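These notes are about the structure you will find just below.
Computed from a prediction, not measured in an experiment: that's the story for all the values here. Numbers restart at 1 for each chain; the letters A, B, ... are given by sequence-line order, proteins then strands. Heavy atoms only: backbone and side chains are in, while hydrogens, waters and symmetry mates are out.
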There are 2 protein chains.
Amino acid sequence: MATQVVNNAQKLAPVDKTFGDLPPAAIEALEQAALTTSYPTGAVLFAEAQSPRGVFIVRRGRVKLSVCGSDGRTLILRIADIGCPLGVAAVVSGRPYEATAETQEPCEISFLRQADLVRLMRQHGELALWVTQHISRDYASTCREIRDLILSDSASEKLARLLVGWLDENTSAKNPGQMKLALTHEEIGQMIGSSRETVSRLFAGFKKQHLIQQTGSTLVIPNRVALESLITA
Amino acid sequence: MATQVVNNAQKLAPVDKTFGDLPPAAIEALEQAALTTSYPTGAVLFAEAQSPRGVFIVRRGRVKLSVCGSDGRTLILRIADIGCPLGVAAVVSGRPYEATAETQEPCEISFLRQADLVRLMRQHGELALWVTQHISRDYASTCREIRDLILSDSASEKLARLLVGWLDENTSAKNPGQMKLALTHEEIGQMIGSSRETVSRLFAGFKKQHLIQQTGSTLVIPNRVALESLITA
DNA sequence: AGCGATGTGTGATCTCCATCACCAAACCAT
DNA sequence: ATGGTTTGGTGATGGAGATCACACATCGCT
């Protein structure tokens, strides 16, 4: 059974892509302890404030991480993709999951029980380091998000920053400045801490200023610099 | 020289208190690689966006961690105290420091170079785990901060949350509901993302509603539940 | 087609808080 | 003391955006 999982996983995501430069022994140990499953869109891997059962490693697809405020409003922290271990902070510290993880599309995800992760981390310093690097990245991105969201209150600045960030991630060489818009205005609002209506108005304004063009779900940013000039306005 | 540092450190903070349940071998290795120094109030250990040189471990005193927005405004992420390793996320991930660390009072702080930390983490899985636990806590607290600050916009709610949080940390058994107020209104504003004036007005309002009493730098919260009722209002 | 559900566009209003301005109090050095 | 510096109190004003309210578009479904 263990070998079957390994084979399965290797088909899904080449080792080098998912686990970086982990030594083979650590990867092998990981694969043996992990269980890989398929999830449909909208599946909740874990919910905020649940006590941790284990970590989830994204092998295919994208997962939305969000926190939920007392008044019911939602803030999307980030979208995780291949190779991201989710829920590590909770598992390692023993505290409840600090966010909710929900699949945004059909996903393949490996699950690793809390005890197994901790055991493997103790045994393989390299693995612990890998895990720590991921948490560090998450921490850094959360810090950046805090800074961006709280210290720059014009909503247009936040939206511009988000769009530029997306541009960097989806830099398809053939169509520069072009990308698919996979989120609704509501979700975008949840990423920048604004209301749906504000996002709608901002998009309208950006179009009027020719900062963006939109046809269907395709978004084009003809002049990246102009958009950037809104940041630190 | 190495032994001198060890002796020094043991006088400053008992091993069990600073390093939790790390195995002696790991602590020994840490102490040998670390260099402990005294800092006056207001010293900047590292600044946001600097490339990482190493980690700082607080042995005595308190250190303020903050990020700075494009418009010059500041947000205080948290106050670190004894045993907290600072700058780990940056060192481990190789990215710039994500915040600025500044002493709030005279401190004793150990410094560990980047290469040494990474080497020690590789060698001692337990140490890597300890580091990871700390980052996890930081990450969790940052997530909570994001949620609190963005998803609850009434400033009074944020202040109430802050005060209740402080009450939990400073729960001196002899004087319940009482604590020292070590921050200025300006700094409190920087913790909840509001202006100095707003904090001043909020305090006045809280006093009028008998939610708090203040004499000098001593703050008394006679009725914790009443204050909590402001949260999720 | 026709019908719900879901997403989007846009006006009107209203509230909270940042900001400016200025003074009062406290603190600290000489 | 006494003058300078930091901190705290409070009014007045303005503006960004949340919220409400509704109409329109779009999509999937039987």
Side-chain angles (χ1 to χ4, degrees), chain A residues 40-42 69-76 104 148-162 180-209 212-219 230-231 233, chain B residues 40-42 64 69-76 102 104-105 148-163 180-209 212-219 230-231 233:
Chain A
T41 302
S70 41
D71 55 353
R73 273 165 55 198
T74 299
L75 183 79
I76 299 177
Q104 274 217 317
D148 294 347
L149 291 186
I150 297 178
L151 294 178
S152 65
D153 42 5
S154 81
S156 62
E157 193 174 334
K158 295 180 203 168
L159 182 57
R161 211 189 303 269
L162 185 70
K180 278 286 171 201
L181 192 53
L183 298 175
T184 68
H185 285 186
E186 173 112 45
E187 286 172 311
I188 294 173
Q190 290 172 350
M191 294 203 75
I192 65 173
S194 298
S195 70
R196 193 216 102 219
E197 294 94 322
T198 298
V199 174
S200 182
R201 281 186 251 264
L202 285 174
F203 264 111
F206 283 7
K207 281 173 196 162
K208 199 159 288 171
Q209 297 176 259
I212 60 173
Q213 294 151 20
Q214 189 181 4
T215 48
S217 69
T218 303
L219 196 73
L230 289 188
I231 304 175
Chain B
T41 302
K64 177 168 77 179
S70 40
D71 56 353
R73 274 165 54 198
T74 298
L75 184 79
I76 299 177
E102 181 184 341
Q104 274 217 317
E105 50 194 51
D148 294 349
L149 291 184
I150 297 177
L151 294 178
S152 65
D153 43 4
S154 83
S156 62
E157 193 175 332
K158 294 180 202 168
L159 181 57
R161 211 189 302 270
L162 185 70
L163 292 180
K180 278 286 170 200
L181 194 52
L183 299 175
T184 68
H185 285 186
E186 173 114 44
E187 286 172 312
I188 294 174
Q190 290 172 349
M191 295 202 74
I192 64 173
S194 297
S195 70
R196 193 214 100 221
E197 295 94 322
T198 299
V199 173
S200 183
R201 281 185 251 263
L202 285 174
F203 265 111
F206 283 7
K207 281 173 196 162
K208 200 159 288 171
Q209 297 176 256
I212 61 174
Q213 293 150 23
Q214 189 181 5
T215 49
S217 68
T218 303
L219 196 72
L230 288 188
I231 305 173

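As a whole-Å value, the separation of A:Ile188 CD1 from C:dG7 P is 12 Å. Computed from coordinates, the A:Arg201 CZ to D:dA21 P distance equals 15 Å when rounded to whole Å. Between the CG atom of B:Leu202 and the P atom of C:dA18 there is a distance of 9 Å, given to the nearest Å. Between B:Lys158 atom NZ and C:dA18 atom C1' there is a gap of 12 Å when expressed in whole angstrom units. Atoms CD1 (B:Ile150) and P (D:dG17) sit 14 Å apart, rounded to a whole Å. For A:Glu197 and C:dT13, the CD to P distance is 17 Å, given to the nearest whole Å. Between the CD atom of B:Glu186 and the C1' atom of D:dG8 there is a distance of 11 Å, given to the nearest Å. Atom CG in B:Leu75 sits roughly 12 Å away from atom P in C:dA18 (whole-Å rounding).
Taking NZ from A:Lys158 and CG from A:Asp148, the interatomic distance works out to 9.5 Å, rounded to the nearest 0.5 Å. In this structure, CG on B:Leu162 lies 7.0 Å from CD1 on B:Ile192, to the nearest 0.5 angstrom. With rounding to the nearest 0.5 angstrom, the CG atom of B:Leu181 is 4.5 Å from the CD1 atom of B:Ile188. Interatomic distance, CG of A:Leu149 versus CD1 of B:Ile150, reported as 4.0 Å (0.5 Å rounding).
Within the nucleic acid shown, A:Gly189 has no heavy atom closer than 4.0 Å to any nucleic acid atom. If you check every strand for non-hydrogen atoms under 4.0 Å, B:Gly205 touches nothing. At the heavy-atom level, A:Thr184 lies under 4.0 Å from the strands shown only through sugar-phosphate atoms.
In this model, the phosphate group of C:dG9 is approached by a side-chain N or O of A:His185 to a distance below 4.0 Å at OP1 or OP2. Checking the phosphate oxygens (OP1, OP2) of C:dT8, no side-chain nitrogen or oxygen of A:Ser200 falls inside 4.0 Å. Between A:Ser154 and D:dA16, a side-chain N or O to OP1/OP2 separation shorter than 4.0 Å is absent.
Checking C:dA18, D:dA18, C:dT8 against the side-chain heavy atoms of A:Thr198 singles out D:dA18 as nearest. For B:Ala204, the side-chain atoms get nearest to D:dT10 when compared with the rest of C:dG9, D:dT10, D:dC20. Of all nucleotides listed (C:dC17, C:dT19, C:dT10), C:dC17 comes nearest to the side chain of B:Ala155.
The residue among A:Arg196 and A:Gly193 whose nearest nucleotide of DNA chain D is located toward the 5' end is A:Gly193.
There is a side-chain donor-acceptor pair under 3.5 Å between B:Ser195 and B:Thr198.
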